[in-house]
Protein chains: 2
Amino acid sequence: MVLNKYVSEDKVLLAVDCIIFGFDEEDLKILLVKRNFEPEMGKWSLIGGFLREEENLDQAAIRILHHLTGLHGIYMEQFYVFSKVDRDPAERTISVAYYALIDIAAHDKKITHIDKAQWFSLKDVPKLIFDHDTMVERAMARLQQRAKDKPIGFELLPEKFTMRQLQKLYESILDKNLDKRNFISKVNSLDILQKLDEKDMTMSKKGAFLYQFDQEKYNRKVDEGFNFKL
Amino acid sequence: MVLNKYVSEDKVLLAVDCIIFGFDEEDLKILLVKRNFEPEMGKWSLIGGFLREEENLDQAAIRILHHLTGLHGIYMEQFYVFSKVDRDPAERTISVAYYALIDIAAHDKKITHIDKAQWFSLKDVPKLIFDHDTMVERAMARLQQRAKDKPIGFELLPEKFTMRQLQKLYESILDKNLDKRNFISKVNSLDILQKLDEKDMTMSKKGAFLYQFDQEKYNRKVDEGFNFKL
DNA sequence: GCAAAAGTGTTTCCACTACACCCATGA
DNA sequence: TCATGGGTGTAGTGGAAACACTTTTGC
């Protein structure tokens, strides 16, 4: 028989909040919703929900993201817990924050059906409820850090993309301009992209070659202890 | 009036577990205790406790560390949340893991009064309860990462230390040998140490100069956006 | 005088940076 | 023919790594 020895301890509500990053060829954005319950109903907020008895936090994050956006198979990573005593005025709530990376273009139809969900450029994020502003800041910092040692950028792009798109994405994440030639040779040196025979003709008359992330090659390199730095 | 709209949500126990790193001139170690309550009484465990209503997680971590070791003013950092459904067989418990860095020598007297607390070399850690092994692994990974971009190593050394000690510490953390000359010139280039006129005579006939971390200089450099990399 | 740790510089190499021109095409 | 974005190479610089000998002094 297993005794419950913890009966005298306080229990708390454990929330999961998601910072959903997207990229639309130009700008890094996050997805926000108008909160439809009290407190702070009608204000802009991250999407979130509560952990349930039968799931772990990763599962909760996936469930919440899926429930509110219809999206599956999204890259998510837990990055920090926010626990200020009065962060939620309604009740003591601890929130585990996750960030998610999605390709806006591929999933836009699914998302836009949601009432009151809207993409905001990072430069242009409104005041959010509770400590959600802090969460966004911190998610951004973590994303910048991660971008430098793991090729997560690809999660934000369509399966096929041009070098130009990739560069613009990294410029958005790192918030600085990069040199075209240097960027390309760095990326090529990683040797994790497949150059396709197709071209993207939407951006120029000449057309730009499309590339594709090669997950297998990447996995092999990770196994070999290859040290990614972008 | 603020309504509690969350009444239907599940509440959970939120634990804090601490991976306490120490360094003793030779080896990187962690502090473990023999658990004195059920379940798993008598097995080796990280120190931990539960979050209380009136505190945030950082405060809880500080309280728990202080309560079990008598130590104050210790460097601590939250690094991950563990939430597997059955991680604690007694009851659903989510654990927020912190790592702490302490100077064994300076605090050893205080710590050793604790029943059943013991330092273990990292190479030599026994099987721990629950998922504490995973926590230790992950803490170690985080420590290695942090050591590279923030001079946290000094938290593990006495106030005054020799270059040799500092090097051995970094060798322990990074788990690889470093070149003496390269290490010293890298450290010197950071320009955050004060060389003292004193020498440590315990390790050699010649004696080795003692150094001291210069917090002010460091803070100034951080403000100036200096990019630490060790 | 020798063992044991402290201290000290130089060279090599590679990765990062800066930088400018031609190409292909549709209009 | 020209405007637009696509594509390509090189030289210079700075930090990281490799590397060996002399100094001090207690025994």
Side-chain angles (χ1 to χ4, degrees), chain A residues 24-26 144 147-149 151 157-158 160-212 221 225-230, chain B residues 24-26 144 147-149 151 157-158 160-212 221 225-230:
Chain A
D24 73 348
E25 312 269 315
E26 205 48 55
Q144 286 188 349
K148 283 176 194 158
D149 57 61
L157 291 175
K160 300 172 181 179
F161 49 85
T162 66
M163 279 291 182
R164 199 71 187 151
Q165 285 176 285
L166 186 61
Q167 183 183 341
K168 283 212 173 139
L169 168 59
Y170 273 87
E171 287 180 336
S172 298
I173 293 177
L174 304 175
D175 196 25
K176 69 177 177 190
N177 293 329
L178 302 171
D179 179 87
K180 189 164 44 158
R181 284 161 293 185
N182 293 339
F183 181 77
I184 289 175
S185 57
K186 219 194 253 173
V187 170
N188 280 335
S189 77
L190 298 181
D191 188 28
I192 49 173
L193 293 190
Q194 263 180 31
K195 186 176 188 171
L196 305 177
D197 281 332
E198 287 172 80
K199 281 188 161 190
D200 172 300
M201 302 305 292
T202 62
M203 283 289 106
S204 72
K205 345 260 176 173
K206 190 179 177 182
F209 278 104
L210 288 166
Y211 290 78
Q212 199 168 258
K221 292 198 172 252
F226 190 88
N227 187 22
F228 284 91
K229 271 193 68 177
L230 234 152
Chain B
D24 73 347
E25 313 269 317
E26 204 50 54
Q144 287 187 349
K148 283 175 194 159
D149 57 63
L157 290 174
K160 300 171 181 179
F161 50 85
T162 66
M163 278 291 182
R164 199 71 187 152
Q165 285 176 284
L166 186 61
Q167 184 184 342
K168 284 215 172 136
L169 168 59
Y170 273 87
E171 288 179 336
S172 297
I173 293 177
L174 303 176
D175 195 27
K176 67 177 177 190
N177 293 329
L178 302 171
D179 178 86
K180 191 163 45 156
R181 285 160 294 184
N182 292 338
F183 181 78
I184 289 175
S185 57
K186 218 194 259 176
V187 169
N188 281 334
S189 75
L190 297 181
D191 188 28
I192 50 172
L193 293 191
Q194 263 181 30
K195 186 175 188 170
L196 305 176
D197 282 333
E198 287 171 81
K199 281 189 162 190
D200 172 299
M201 302 304 292
T202 60
M203 283 289 105
S204 72
K205 343 262 177 175
K206 190 179 177 184
F209 279 103
L210 288 166
Y211 290 77
Q212 198 167 262
K221 292 197 172 254
F226 190 87
N227 187 22
F228 284 91
K229 272 194 65 177
L230 233 151

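Throughout, a chain's letter reflects where its sequence line sits, starting with A, and its residues are numbered from 1.
- Looking at B:Q212, its side chain never comes within 3.5 Å of a backbone N or O of B:L196 through a donor-acceptor pair.
- With sequence neighbours excluded, the residues that form a side chain to side chain donor-acceptor pair (under 3.5 Å) with B:D24 are B:K29.
- Whole-Å rounding puts the A:F209 CZ to D:dG5 P distance at 19 Å.
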Check nucleotides 23-27 of chain C against the protein and report each pair of N or O atoms closer than 3.5 Å, with its distance, or say if there are none.
| residue | atom | partner | partner atom | Å |
| --- | --- | --- | --- | --- |
| C:dC23 | O2 | A:K206 | NZ | 3.3 |

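- Atoms CG (B:D200) and P (C:dA4) sit 18 Å apart, rounded to a whole Å.
- With sequence neighbours left out, B:F226 forms a ring pair (Phe, Tyr, Trp, His ring centres under 6.0 Å) with B:F228.
- Distance CZ (A:F161) to C1' (D:dG6): 16 Å, rounded to an integer number of Å.
- To the nearest 0.5 angstrom, A:R164 atom CZ is 13.0 Å from A:L169 atom CG.
- One can place CE of B:M163 at 13 Å from C1' of C:dT8, the figure rounded to the nearest angstrom.
- Rounded to whole angstrom, the span from the CD1 atom of A:I184 across to the P atom of C:dA15 amounts to 19 Å.
- Legend: residues meeting ring pair (Phe, Tyr, Trp, His ring centres under 6.0 Å) with B:F161, ordered by chain and number and at least two apart, are B:F154.
- Within a 6.0 Å radius of CD in A:E26, no more than 12 heavy atoms belonging to other residues, nucleotides or ligands are found.
- With rounding to whole Å, A:L210 atom CG is found 15 Å from D:dG7 atom C1'.
- The cationic group of A:K195 does not satisfy the cation-pi geometry with A:Y211, failing either the under 6.0 Å distance to the six-membered ring centre or the 45° limit from the ring axis.
- As rounded to whole Å, 11 Å separates atom P of C:dA18 from atom CG of A:N177.
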Using a 3.5 Å cut-off and no angle test, enumerate the donor-acceptor pairs between side-chain atoms of residues 201-208 of chain B and protein atoms at least two apart in sequence or in another chain.
| residue | atom | partner | partner atom | Å |
| --- | --- | --- | --- | --- |
| B:T202 | OG1 | B:D200 | OD1 | 2.7 |
| B:T202 | OG1 | B:D200 | OD2 | 3.3 |
| B:S204 | OG | B:G207 | N | 2.9 |

Distances for protein N or O near nucleotides 14-21 of chain D N or O, under 3.5 Å:
| residue | atom | partner | partner atom | Å |
| --- | --- | --- | --- | --- |
| D:dA18 | N7 | B:N182 | ND2 | 2.9 |
| D:dA18 | N6 | B:N182 | OD1 | 3.0 |
| D:dC19 | N4 | B:D179 | OD2 | 3.2 |
| D:dC19 | N4 | B:R181 | NE | 3.4 |
| D:dA20 | N1 | B:R181 | NH1 | 3.3 |

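- One can place CG of A:L230 at 14 Å from P of C:dA15, the figure rounded to the nearest angstrom.
- Within a 6.0 Å sphere centred on NZ of B:K148, other residues, nucleotides and ligands contribute 12 heavy atoms or fewer.
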